[in-house]
Number of protein chains: 2
Amino acid sequence: MSPAAIVDHAEGESAALTAAADLFYKHGIAAVTMSEIRDQSGVSLRRLYTLYPSKVDLVSAWLRHRHQTWTDSFRHRVEQRLQSGDVAIDAIFGALEEWMTETEFRGCAFINSHAEASKLIDDHREIIRLHKESFANYLESLTSQGRALAVIVDGAIVQAAIFAGPDPIHHARHAAEALTAAVTDLQESADSGSDRGLE
Amino acid sequence: MSPAAIVDHAEGESAALTAAADLFYKHGIAAVTMSEIRDQSGVSLRRLYTLYPSKVDLVSAWLRHRHQTWTDSFRHRVEQRLQSGDVAIDAIFGALEEWMTETEFRGCAFINSHAEASKLIDDHREIIRLHKESFANYLESLTSQGRALAVIVDGAIVQAAIFAGPDPIHHARHAAEALTAAVTDLQESADSGSDRGLE
DNA sequence: CTTCTGTGAGAACACCCATTCTCACCGGAG
DNA sequence: CTCCGGTGAGAATGGGTGTTCTCACAGAAG
């Protein structure tokens, strides 16, 4: 039971999950075969099935893994911007835009998976709900109006996947600014928020 | 070539399309087999394939049909509310809420289809884009900020499909009101020009 | 009546895929 | 050295699916 043993046991696991993540995200769950995952990962079918007893288990592992990595990456980007002096809305939408302009961007893995309706097990639906719930909570910790902001962001993600351009995210940012500005107005006039170019 | 002949030629076509529409929307495209469409419609496989040479053609016909029927239904609901004196935002979100609370609601057929990525032909992607484009144009004819509103609405649809409750649509309406309120502020009071539907 | 066209019912075909199995092989244990 | 558990490569299995084909039949035309 040395540390090396643990590494040994996990051998190929990370390669398999990485390949699965790449393929599932790019092509959708149903369109990817176990053989393709073997080809891309170099992990044999036999080992694949000892690591994940069925494709369902692999999908499940992918969704959990995706939740972790995506959340980490997004929060990291947001926090970087916050430390650069960005206000919350700018940090959030800057991070989103950065993600959406990646060449591999194909929308939200969880929304996409949810659309493959009948093939999903209840287990998967639960992970999807939890991811969206977690994301909304995070936005809520950054701004008031977090739930409404989450709706806007999901709309932007979906439209960015359908139309390839940058318009959806700009419209979303515009809506988000109106949303938070309205609250700011209510919250006392305070200083005169000179509307920066909302572009 | 009497009118009866035309009817004869179309015999079963409507039944086939109705069944396909129901099944595709409920279960997703890939999950529905031609045999299931035959069983539910009563149209034999042979006739099915003379009407639609391949499943791809049937999917294509469904998307076009869905665009028509959904758009008609939505506009009808909106116009009813407008005539009842609702302001544009209330008419739009009232119509949406009515749709989303139907028991068969499973999100937007176009967003869902788009998520089944690799199985879609370019033809289908184009229909999906056109539908969203058309919808945004319609919102734009009803309110200023139509594009941003379209983003919010898509977010609400997606979240309503994931979470079953009414919260997403309420958050969306809240955001939409903030959006138009902000513009109204800028535009001074002014009167509301009632745009007739275009197209 | 016969002939021809088009149909329904369903078998047949030609794939594809998740999952399992075979078998030769390799490294460690005794 | 032999023995053995676990492995990779890939074939086999069992089931499913889009599409086509067979065949018997119904009805219009001659």
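Quick note on labels: first sequence line is chain A, next is B, and so on, each numbered from 1.
Computed from coordinates, the A:Arg38 CZ to C:dC17 P distance equals 12 Å when rounded to whole Å. Taking atom CG on A:Asp57 and atom P on C:dA18, their separation rounds to 14 Å, with Å as the unit. For the pair A:Leu48 CG and D:dG10 P, the computed distance is 16 Å after rounding to whole Å. Rounded to an integer number of Å, the gap from B:Tyr52 OH to D:dT20 P is 17 Å. Computed from coordinates, the A:Met34 CE to D:dA12 P distance equals 21 Å when rounded to whole Å. Atoms CD (A:Glu36) and C1' (C:dA18) sit 13 Å apart, rounded to a whole Å. Summarising the geometry, the separation between CD1 on B:Ile37 and P on D:dT19 is reported as 11 Å, rounded to the nearest angstrom.
Between A:Lys26 and A:Glu104 there is no salt bridge, since none of the side-chain N atoms of the basic residue sits less than 4.0 Å from a carboxylate O of the acidic one. With respect to the salt-bridge test (charged N to carboxylate O, under 4.0 angstrom), the residues B:Glu102 and B:Arg77 qualify.
The side chain of A:Ser44 has D:dG8 as its nearest neighbour among D:dT22, D:dG8, D:dT20. In the set D:dG18, D:dT20, C:dT19, C:dT19 carries the atom at the smallest distance from any side-chain atom of A:Leu45. Listed nucleotides D:dG18, C:dT19, C:dG8 differ in distance to B:Arg47; the shortest reach to its side chain belongs to C:dG8. Comparing D:dT20, D:dG8, C:dT19 against the side chain of A:Lys55 picks out C:dT19 as the nearest. The side chain of B:Thr33 has D:dT17 as its nearest neighbour among D:dT19, C:dA18, D:dT17. Candidate nucleotides C:dA18, D:dT19, C:dT7 were compared by shortest atom distance to the side chain of A:Tyr49, and C:dA18 ranks first.
The closest side-chain donor-acceptor pair between A:Asp57 and A:Ser60, if any, does not fall under 3.5 angstrom.
Rounding to the nearest 0.5 Å gives a distance of 5.0 Å between CG of B:Leu58 and CD1 of B:Ile37.
Ring pair B:Phe24/B:Trp62 is tilted by interplanar angle, where 30° to 60° counts as tilted.
The 5' end of DNA chain D is approached more closely, in terms of each residue's nearest nucleotide, by B:Ser54 than by the other of B:Arg46 and B:Ser54.
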